[in-house]
Chemist: 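My questions all concern the structure below.
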Amino acid sequence: MKAFTYQRAHSPAEAAAAVVKVPGARFIAGGTNLLDLMKLEIETPAHLVDVNGIGMDKIEPTRDGGLRVGALVRNADLASDMRVRRDYGVLSRALVAGASAQLRNKATTAGNLLQRTRCAYFYDPYQPCNKRVPGSGCSAIGGYTRSHAIVGQSDQCIATHPSDMAVAMQLLDAKIETVRPDGSARVIPIADFYRLPGNTPHIENTLAAGELITAVTLPKPLGGKHFYHKVRDRASYAFALISVAAVVQPDGSGRVAVGGVAHRPWRVAAADAAMAQGAQAVTAQLLAGARTTEDNAFKVPLVQRTLASVMADARKA
């Protein structure tokens, strides 16, 4: 790990201003992803700004009947909150499906949204990777691609986004609140937060330099039956090969988002509109134009079968 300097911030605005002052500075809270990347020297921040002492750790009701989740709320606390379990079951299930209990006790809401891909080539500093070193190439293309993207990829990157929580947040139409170094605030719909790789896969979201996530707001509850089905190689501490988050209403309508298939949580309006038509129709819309390899072509039928299982469970429940 390379040497770095460290400071504790006392307010969100102070933290944002501190990060932008030092080239290569980063925020740190739980550190469950950042510290691993620092040990491998994939991330080499010159300066860390600790945001743990600045509040942002409450779950509060909003005026429109939703919830405002502070950026520093731990994943375990969010998953176990009775309001979340009752009204946003898909989110609680997604959080419990992610990582281990120890990591959920440490990981934060904002950190979960910002975690980086688990592509094996990204984690290997001896392999070219456009996410690590822009312009160096993508070793995954032409390599072993079982866990890689089948939609939304580019000729520069085929990595997938690893977060379970983000898939549920995408389904729920969450909004991300931030503060910028000049003290101004803005709200970013999660649908506009993540970027597809295009020619700049190292730019993963729409945050500006020094911009700090302060909270995530959830709209008023959707009702219906909530599901999060995660398919992985082992039962615990594994990232999704694919995951399906869904809310199904009594008339069969609803909405669906999937993980493990793209550079960001994947949701398509036409797929939501097709929910009452069954899993095959929804999958056709979700994965339209999918570009698969011999290693990951199984993801297309796997999404369809997992979604069919969700719909069957919805009819039984």
Side-chain angles (χ1 to χ4, degrees), residues 4 6-20 25-38 43 45 47-62 66-85 87-88 91-92 94-116 161-170 172 174-181 183-190 193-194 204-219:
F4 58 89
Y6 169 90
Q7 76 177 89
R8 291 180 179 174
H10 298 94
S11 71
E14 178 188 328
V19 160
V20 81
R26 294 288 303 275
F27 302 113
I28 188 166
T32 57
N33 188 202
L34 178 59
L35 290 176
D36 284 344
L37 294 172
M38 288 172 65
E43 294 271 9
H47 185 64
L48 292 182
V49 178
D50 190 333
V51 297
N52 282 294
I54 62 176
M56 306 194 307
D57 58 355
K58 301 291 191 298
I59 304 172
E60 301 168 311
T62 62
L67 286 179
R68 184 177 187 271
V69 181
L72 295 177
V73 172
R74 307 295 160 165
N75 287 178
D77 294 332
L78 184 57
S80 63
D81 185 273
M82 288 306 301
R83 294 162 295 184
V84 175
R85 294 177 63 186
D87 297 330
Y88 306 95
L91 176 57
S92 182
L95 285 161
V96 170
S100 65
Q102 295 93 331
L103 285 174
R104 291 196 298 271
N105 286 336
K106 193 70 176 174
T108 64
T109 298
N112 193 312
L113 291 173
L114 294 172
Q115 63 181 301
R116 306 200 67 188
H161 193 272
S163 171
D164 293 293
M165 186 191 79
V167 179
M169 293 284 196
Q170 180 84 8
L172 294 169
K175 293 182 179 179
I176 298 167
E177 299 179 8
T178 71
V179 63
R180 289 178 275 201
S184 62
R186 68 168 172 154
V187 177
I188 309 169
I190 194 167
F193 183 71
Y194 294 109
E204 298 173 348
N205 55 62
T206 56
L207 292 175
E211 192 168 9
L212 174 68
I213 296 175
T214 55
V216 177
T217 55
L218 304 175

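Just so it is clear, the model here is predicted, and its values are computed rather than measured. Atom set for the values below is all heavy atoms of this structure, side chains included, hydrogens, waters and symmetry mates excluded.
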Chemist: Ignoring hydrogens, what is the shortest heavy-atom contact between Val51 and Ala29? Give both atom names and the distance.
Modeler: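 Answer, listing the atom of Val51 first, then Ala29: CG2-CB, 3.9 Å.
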Chemist: Would you compute the distance between atom CG of Asn75 and atom OG1 of Thr109 and round it to the nearest 0.5 angstrom?
Modeler: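 That separation rounds to 6.0 Å.
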Chemist: For the CZ atom on Arg68, are there more than 12 heavy atoms of other groups (residues, nucleotides or ligands in this structure) within a distance under 6.0 Å?
Modeler: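 Enclosed.
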Chemist: Looking only at non-hydrogen atoms, find the nearest pair between Ala15 and Ala9 and report the distance.
Modeler: CB-CB, 3.6 Å
Chemist: Can you name the nearest heavy-atom pair linking Ala94 to Asp164, along with the distance?
Modeler: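 Of all heavy-atom pairs spanning Ala94 and Asp164, the closest is O-CB, 3.4 Å.
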Chemist: Out of Leu37, Val49, Val19, Leu48, which residue meets the side-chain contact (heavy atoms from CB on, under 4.5 Å) rule with Arg26?
Modeler: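 Only match with Arg26 under side-chain contact (heavy atoms from CB on, under 4.5 Å): Leu48.
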Chemist: Restricting to non-hydrogen atoms, name the atom on Phe4 and the atom on His47 that form the minimum distance, rounded to 0.1 Å.
Modeler: CB-N, 4.3 Å
Chemist: Which heavy atom of Leu95 sits nearest a heavy atom of Arg104, and at what distance?
Modeler: O-CD, 3.1 Å
Chemist: If I take atom CZ from residue Arg116 and atom CG from residue Asp36, how far apart are they, to the nearest 0.5 angstrom?
Modeler: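 If I round to the nearest 0.5 Å, the distance is 13.5 Å.
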Chemist: Look at the side chain of Ser163 and the backbone N and O of Leu113, then say whether any donor-acceptor pair between them is shorter than 3.5 Å.
Modeler: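 No; judged by distance alone, with no hydrogens or angles, the pair does not exist.
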Chemist: Kindly indicate whether the side chain of Leu212, heavy atoms from C-beta on, has any atom under 4.5 Å from the side chain of Ile54.
Modeler: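 Yes; the side chains approach each other to less than 4.5 Å.
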Chemist: Quick check: closest heavy atoms across Arg186 and Thr206, and the distance to 0.1 Å?
Modeler: NH2-O, 2.7 Å
Chemist: Rounded to the nearest 0.5 Å, what separation is found between the CD1 atom of Ile213 and the CG atom of Leu207?
Modeler: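 Those atoms lie 5.0 Å apart.
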Chemist: Within this structure, what is the CG-CG distance for the pair Leu78 and Leu218, rounded to the nearest 0.5 Å?
Modeler: 7.5 Å
Chemist: Would a 4.5 Å heavy-atom cut-off, applied to side chains only, mark Met169 and Leu91 as touching?
Modeler: yes
Chemist: Can you tell me how far apart CG (Asp87) and CE (Met82) are? Round to the nearest 0.5 Å.
Modeler: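 One finds 10.0 Å between CG of Asp87 and CE of Met82.
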Chemist: If we check side-chain contact (heavy atoms from CB on, under 4.5 Å) with Arg74, which of these qualifies: Asn105, Thr108, Asn112?
Modeler: Thr108
Chemist: Do Ser80 side-chain atoms and Ala76 backbone N/O form a donor-acceptor pair below 3.5 Å?
Modeler: yes
Chemist: Nearest 0.5 Å, what's the CD-CD1 distance between Glu211 and Ile188?
Modeler: 5.0 Å
